[in-house]
Amino acid sequence: YINITGRGLYTLEGAQVRPVPGGEGLVGKSGLIGVLELPGGTLIIATERDGLLALRGGAMEEWANEAQALAKSNGLYKTTQLRDGRLALATFSQGVVVLDGNGAIRERYARGSGLPNAEMFSVFTDRQGGLWASHNSGLTRLALELPLRSFAEVGGLESKINTLRLFNGRLYATTRQGVFYTDGAAPGRFTPVAGLATECWDMAVAQGRLLVATNDGVFDISGARPERISRGYALEGQEGEVVGVARVLHASQANPARLYAGLTEGIEIFDFEDGKWKSRANIPQLREEISSLLEAEPGQLLAGTRYE
């Protein structure tokens, strides 16, 4: 694709220059950076200062989404298309940004997530599916084909991590100070889950919900705010009820609607009913701290204790 001044977007096919229907919409726009084709034939046109334009059905318009807002406010140097169809942008000040076909930002790479700085000059792909980024410190290869992510400089975490879990596109970490998460909008920067200021231990995903074991019992943190699903129970020789300190979770393989929590004293059993996890029973007579749970076979739960 080429941009002919005063005429718009053309294709160069051999020695022939042919106009692209609707390409005259590029007249008056800032310099052409790249043209990427989406499934269905829509062309995404990247410009230096006018951001991202969509050309479909012979009509050109702004590609109205969060990627367009970022492109116009930060400027673009280069673009490329990944092997899986996603789009990668080299930006002036936001590093490398990876988009899906709808223009939603899926990943960002800058200082703190593998790149030495946030000013990128170019991006291109290799035959193995890797994405190369050019910057003022040289070249960096982003191995997007591997199911790995590196957090070289982690912000927002000031305590040891007990466990990690991926859920709905976010990476969650349990710590002494609560649960924190990071996502593609701010890779390498962890944000606390509000309303959960206690030491947190294990996590489990069951029935599409993210559950966490904490010093204050078991919480469902899938919604806007954490919801405690543990209930109090009586201990022999102790007045009132206590909520067990939960250290480990196990989603039953034999019964997907059942969850077990290993406590500092016993086991708590949960069932999934009416779209929520509900505490059903406690087995406090073990009086041992449960450190691991395992189903050896359907209907048989093995509990490992910390001391015995």
For [X] and [Y], does a side-chain donor sit closer than 3.5 Å to a side-chain acceptor?
X      : Y      : answer
Thr214 : Asp216 : no
Gln253 : Glu295 : no
Glu268 : Ser279 : yes

Kindly give the heavy-atom pair with the smallest separation between [X] and [Y], and that separation in Å.
X      : Y      : result
Glu37  : Gln81  : O-NE2, 3.0 Å
Met120 : Ala90  : CB-CB, 3.7 Å
Leu164 : Ala173 : CD2-CB, 3.5 Å
Ala303 : Leu293 : CB-CD2, 3.9 Å
Gly95  : Ala110 : CA-CB, 4.2 Å
Ala194 : Arg225 : CB-NH1, 4.2 Å

Residues [X], [Y]: salt bridge by 4.0 Å N-O rule:
X      : Y      : answer
Arg86  : Glu107 : yes
Lys29  : Glu48  : no
Glu273 : Arg280 : yes
Arg106 : Asp100 : yes

Name all residues meeting the salt bridge (charged side-chain N to carboxylate O under 4.0 Å, His left out) criterion together with [X]; count only those two or more places apart in sequence or in a different chain, and write none if there are none.
X      : answer
Asp202 : none
Glu227 : Lys276
Arg18  : Glu13

Same cluster for [X] and [Y] if Ile/Leu/Val/Met/Phe/Trp/Tyr side chains link at under 4.5 Å?
X      : Y      : result
Leu211 : Phe219 : no
Leu9   : Leu12  : no
Ile161 : Leu171 : yes
Trp201 : Val179 : no
Val20  : Ile45  : yes

Can you confirm whether [X] sits close enough to [Y] that some side-chain heavy atom of one is under 4.5 Å from a side-chain heavy atom of the other?
X      : Y      : answer
Phe180 : Thr175 : yes
Gln177 : Glu199 : no
Val98  : Leu142 : no
Val123 : Ser134 : no
Trp63  : Arg56  : yes
Met203 : Tyr172 : yes
Leu99  : Ile105 : yes
Val96  : Leu89  : no

Review point. Using a side-chain heavy atom cutoff under 4.5 Å and only I, L, V, M, F, W and Y, what cluster partners does Trp132 have?
Key: Phe124, Leu139
Review point. Should side-chain heavy atoms under 4.5 Å link Ile, Leu, Val, Met, Phe, Trp and Tyr, which residues sit in the same cluster as Phe92?
Key: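 Reading the cluster by chain and number, Phe92 sits alongside Tyr77, Phe121.
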Review point. Does the pair Leu38 and Ile44 meet the rule for a side-chain contact (heavy atoms from CB on, under 4.5 Å), with working shown?
Key: CA-CA 7 Å; Leu38 298 179; Ile44 302 303; 3.7 Å; yes
Would you say [X]'s side chain and [Y]'s backbone share a donor-acceptor pair under 3.5 angstrom?
X      : Y      : answer
Asn215 : Ala246 : no
Arg141 : Ala133 : no
Ser73  : Ala69  : yes
Gln207 : Pro256 : yes
Gln68  : Leu52  : yes
Thr174 : Thr163 : yes
Thr140 : Leu115 : no

Rounded distance [0.5 Å steps], [atom1] in [X] versus [atom2] in [Y]:
X      : Y      : atom1 : atom2 : answer
Tyr260 : Ile267 : OH    : CD1   : 8.5 Å
Leu263 : Ser230 : CG    : OG    : 7.0 Å
Ile2   : Tyr10  : CD1   : OH    : 8.5 Å
Glu119 : His135 : CD    : NE2   : 11.0 Å
Leu32  : Asp50  : CG    : CG    : 11.5 Å
His250 : Leu259 : NE2   : CG    : 9.0 Å

Point to revise | With Asn102 via side chain to side chain donor-acceptor pair (under 3.5 Å) - residues at least two apart | key: none
Review point. Can Thr91 and Asn74 be said to form a side chain to side chain donor-acceptor pair (under 3.5 Å), step by step?
Key: CA-CA 7 Å; Thr91 73; Asn74 293 279; over 6 Å; no
Check your understanding: What do the steps show when you test Ile221 against Leu196 for side-chain contact (heavy atoms from CB on, under 4.5 Å), and what is the final call?
Key -> CA-CA 9 Å; Ile221 61 172; Leu196 200 60; 3.9 Å; yes
Practice item. Output, in order, the C-alpha distance, side-chain angles, deciding distance and verdict of salt bridge (charged side-chain N to carboxylate O under 4.0 Å, His left out) for Glu24 and Arg7. Key: CA-CA 6 Å; Glu24 63 276 6; Arg7 298 171 65 182; over 6 Å; no
Check your understanding: Given the rule in the side-chain contact (heavy atoms from CB on, under 4.5 Å) test, do Lys278 and Phe272 qualify, once you have shown the distances and angles that lead to the verdict?
Key -> CA-CA 6 Å; Lys278 299 178 182 179; Phe272 191 74; over 6 Å; no
**Study point:** Check: Phe270 ring centroid to Trp277 ring centroid under 6.0 Å
**Key:** no
Exercise for review: Before giving the answer on side-chain contact (heavy atoms from CB on, under 4.5 Å), spell out for Asn3 and Thr5 the whole-Å C-alpha distance, their side-chain angles and the decisive distance to 0.1 Å.
Suggested key: CA-CA 6 Å; Asn3 181 23; Thr5 302; 5.9 Å; no
